[in-house]
Peer 1: 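What follows is a single structure, and I will ask about it in a moment.
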Amino acid sequence: MASFESAVNVRPSADVYGPTAADDARPSKILSNIRSIVVSFLLAVSLIFIVEWIARNSAAEASAFFLDPARPAFVTAFVFFLLFLAVDAIAGRAEYGLVLIAPLALVPALVTRQKQIFLSDPLYPTDFLFGRQIMELMPVLVRDRPGTASGIAVGLVLSLAGLTWLIRHAWRRFPRLTRRQRIARLAVALPLLGGFYHLMDYNQFSWVRDRLQIIPIMWDQTENYRHNGFTLAFVLNLPMANVAAPPGYMANAIDAISNEPVPAGTSHRGKPDVIVLMSESFWDPTRLPNVKLTPDPMPTIREMQSGDIFSPEFGGMTANVEFEALTGFSNAFLPYGSIPYQQYIRNPIPSLATFFRGEGYVARAVHPFQGWFWNRSAVYKSFGFEQFRSEENLPPMEKRGIFTSDESLTKEIMRQADELRDPFFFFTVTLQGHGPYEANRYAHNTIKVEGNLPENDRQVLETYAQGVKEADDSLKMLMDWAKERDRETIIVLFGDHLPPLNTVYTSTGYMPDVTASRKGTAEQMAASHETPLVIWSNKTGPVKNVGTISPAFLSYQILKTGGFEHPYYTAFLGDVFNRYHVVDRYMLVDAAGRDTEAWSRNKKIPSVLRDYRFLQHDMMFGKRYGTDRFFETHAELFPQPVM
């Protein structure tokens, strides 16, 4: 016989029979879920703290990041907490998200720390575009620091083994989530993550983003990473490849830019041959205080020096300097941290090569390293060079250390030049001066370093100074060869950036840190960004009193020296130069030497700079309205398709 309770389908009362197992289980499950959620959030906070500790190289600064309510530390932790929930739900295991996400957060933090040691800048999303180049330079780094390299290699192997074990262990042992728990986690995490994704577009104002204390500081990436933390600053930089048109850019704006008609062709001097040498990490080490270098490592360059290049980079990023020197465009008008060679040069772009080819020249690029490095093979083709002679198609060349010697490269330049009958433009990037500057790179150093320096720093400086001497010797050899030529030959040499001498700078008192600041007083910026510039002709000698100029104005100086009556941009670039000699992201220096800091943040900039930016955007990203007026030879080489 059925019981009364079952007959009427009534649940037994707890008051009569006492609490049931189901009643005990429900609050236990709730407490378990709450405990799991709290643990996930605490793990997210711990992970972000460790990431910031690594990226900032300071536990105190990481703590300050969390303790400052005006900074989005806990917002970052909450985002990671949502990611944990989403991954847990997808995998069906509690806390499994931490196992998968933590390595993805910690490895970039380790990389950004190392990058800041050598190049001062943190890790940007675009850095992953040249990961292959970093791997190619690994043998150099291993040779410089074998102990560190071995430790890193062993650490990587152990880390991968440990991570593999942890992933398998977590899959077997971590608590399984029920279907309801998985759905609940996804229902909470996915909408909030989607909303956060839309907040991170810094091109659009967001009231919510401001309330969360996420402040995109794209004009000052050091402060951007300090304020927002490594993870959010990295994410904010993801859209940097999307370059917005400057306000007011249109066909009418390009048409309104003044360029008065000028005679075509050259002066009575004819068409000179032009050789431009961008010397890797070339700088004047005698500027270091409290040390003495004997003899002078650069007597030829010191005698012939025309002025200085104000490099937009320090210790690396050669391609950005090269971009300015060849195009006459400025990095100041591009998003901070961008690399034009990697991101933007996909179509034909006006350059010195297109200008010279329009004048009947042979335009050739030469660099004794692999052609893919910095994407040069593709970029030089877009720039209009007829040939790019790289390591793959150059004859075997002598090495100094592990890099091609300046002397061997110079002899190759002379050999190629002697084969040509038409006027030529050579753009050459040297390699010998590349760091690191390990002790005993050269069997015998001829430059003596005196001063109270740590032994390791003294050896580094001796190695670097020897490279400077050999670059100077190679330039003298090239000039001596040119003096015997009938045709006028213009030789230009400049350093792309200061060398990464690391603690040599602090040991001598030259700079307060091993890397340069991106902004500062005019004196500070000159000390950390000026490299020697020589512009010399075998007929007229060195050009003097050029002063300090941005690489973007180098093309104007070269063509003016060559006697061209319609310099680059059909004289527009010269008009800019007559008013401003340095156009840097953080500093603007006019022809009288007056500097203006943070000029680019002003709501209104000088009209000539506005037009300069219009033209650059027009040719790189826009409709190329100004091709026929400002880049006539480029229009002939690369006619625009008929729409």
Side-chain angles (χ1 to χ4, degrees), residues 37-86 97-98 101-102 104-106 108-109 111-113 115-116 120-126 188-240 242 244 335-338 517-519 585-586 598 600-603:
I37 289 172
V38 171
V39 169
S40 292
F41 183 73
L42 292 177
L43 289 172
V45 171
S46 301
L47 176 60
I48 297 305
F49 180 83
I50 295 172
V51 166
E52 292 300 323
W53 186 350
I54 294 171
R56 300 167 189 265
N57 197 34
S58 169
E61 290 189 21
S63 300
F65 179 58
F66 274 89
L67 294 174
D68 187 351
R71 293 197 271 177
F74 286 99
V75 173
T76 311
F78 184 71
V79 172
F80 271 74
F81 164 68
L82 294 176
L83 289 171
F84 289 170
L85 293 185
L98 174 67
I101 293 173
L104 299 178
L106 292 172
V111 174
T112 197
R113 182 63 209 145
K115 185 187 174 190
Q116 289 178 93
S120 78
D121 278 346
L123 184 70
Y124 301 121
T126 51
V188 171
L190 294 184
L192 289 175
L193 286 172
F196 180 80
Y197 171 80
H198 289 290
L199 290 180
M200 299 307 288
D201 183 3
Y202 63 80
N203 291 308
Q204 303 294 328
F205 171 77
S206 171
W207 182 88
V208 175
R209 186 176 63 219
D210 284 357
R211 303 289 78 73
L212 295 176
Q213 304 300 330
I214 302 172
I215 304 174
I217 312 173
M218 311 314 291
W219 59 90
D220 184 350
Q221 290 292 345
T222 300
E223 181 62 19
N224 191 31
Y225 278 74
R226 189 200 71 82
H227 174 85
N228 294 304
F230 169 73
T231 303
L232 289 186
F234 185 87
V235 173
L236 284 167
N237 277 297
L238 286 172
M240 71 168 60
N242 180 26
Y336 188 100
S338 59
S517 172
R518 290 290 179 180
K519 57 182 179 178
R585 192 179 308 277
Y586 292 119
S600 59
R601 295 185 60 193
N602 295 337
K603 291 183 178 180

Peer 1: Do P191 and F196 have side chains that approach each other closer than 4.5 Å (heavy atoms only, starting at C-beta)?
Peer 2: no
Peer 1: Rounded to the nearest 0.5 Å, how far apart are CG of L43 and CG of L98?
Peer 2: 5.0 Å
Peer 1: Taking the six-membered ring for Trp, are F78 and F81 parallel (under 30°), tilted (30 to 60°) or perpendicular (over 60°)?
Peer 2: tilted
Peer 1: Parallel, tilted or perpendicular: which one describes the rings of F234 and F230, with boundaries at 30° and 60°?
Peer 2: tilted
Peer 1: I'd like to check T76 versus N228 (side-chain heavy atoms, cut-off strictly below 4.5 Å). Are they in contact?
Peer 2: no
Peer 1: Search all heavy atoms of A77 against all heavy atoms of A44 and return the closest pair with its distance.
Peer 2: O-CB, 3.3 Å
Peer 1: Measuring from atom CG of L67 to atom CZ of F74, what distance do you get when rounded to the nearest 0.5 angstrom?
Peer 2: 7.5 Å
Peer 1: Is the backbone N or O of P108 less than 3.5 Å from a side-chain atom of T112, with the two atoms forming a donor-acceptor pair by type?
Peer 2: no
Peer 1: Shortest non-hydrogen contact from A105 to V51?
Peer 2: O-CG2, 3.8 Å
Peer 1: Can you measure from CZ (F49) to CZ (F65) and round to the nearest 0.5 angstrom?
Peer 2: 11.5 Å
Peer 1: Quick check for you: to the nearest 0.5 Å, what is the distance between L236 atom CG and I215 atom CD1?
Peer 2: 10.5 Å
Peer 1: With the side chain counted from C-beta on, respond yes when F66 and I48 share a heavy-atom pair under 4.5 Å apart, and no when they do not.
Peer 2: yes
Peer 1: Is any side-chain heavy atom of H227 closer than 4.5 Å to one of R71?
Peer 2: yes
Peer 1: Could you state the interatomic distance from CG (N224) to CD1 (I214), rounded to the nearest 0.5 Å?
Peer 2: 11.0 Å
Peer 1: Do any N or O atoms from the side chain of Y225 and from the backbone of R56 form a donor-acceptor pair under 3.5 angstrom?
Peer 2: no
Peer 1: Is any side-chain heavy atom of L199 less than 4.5 Å from a side-chain heavy atom of L212?
Peer 2: yes
Peer 1: To the nearest 0.5 Å, tell me how far L83 CG sits from L47 CG.
Peer 2: 10.5 Å
Peer 1: Determine the minimum heavy-atom distance between P72 and Q213, stating which atoms define it.
Peer 2: CD-O, 3.5 Å
Peer 1: Checking R113 side chain against W53 main chain: does a donor-acceptor pair fall under 3.5 Å?
Peer 2: no
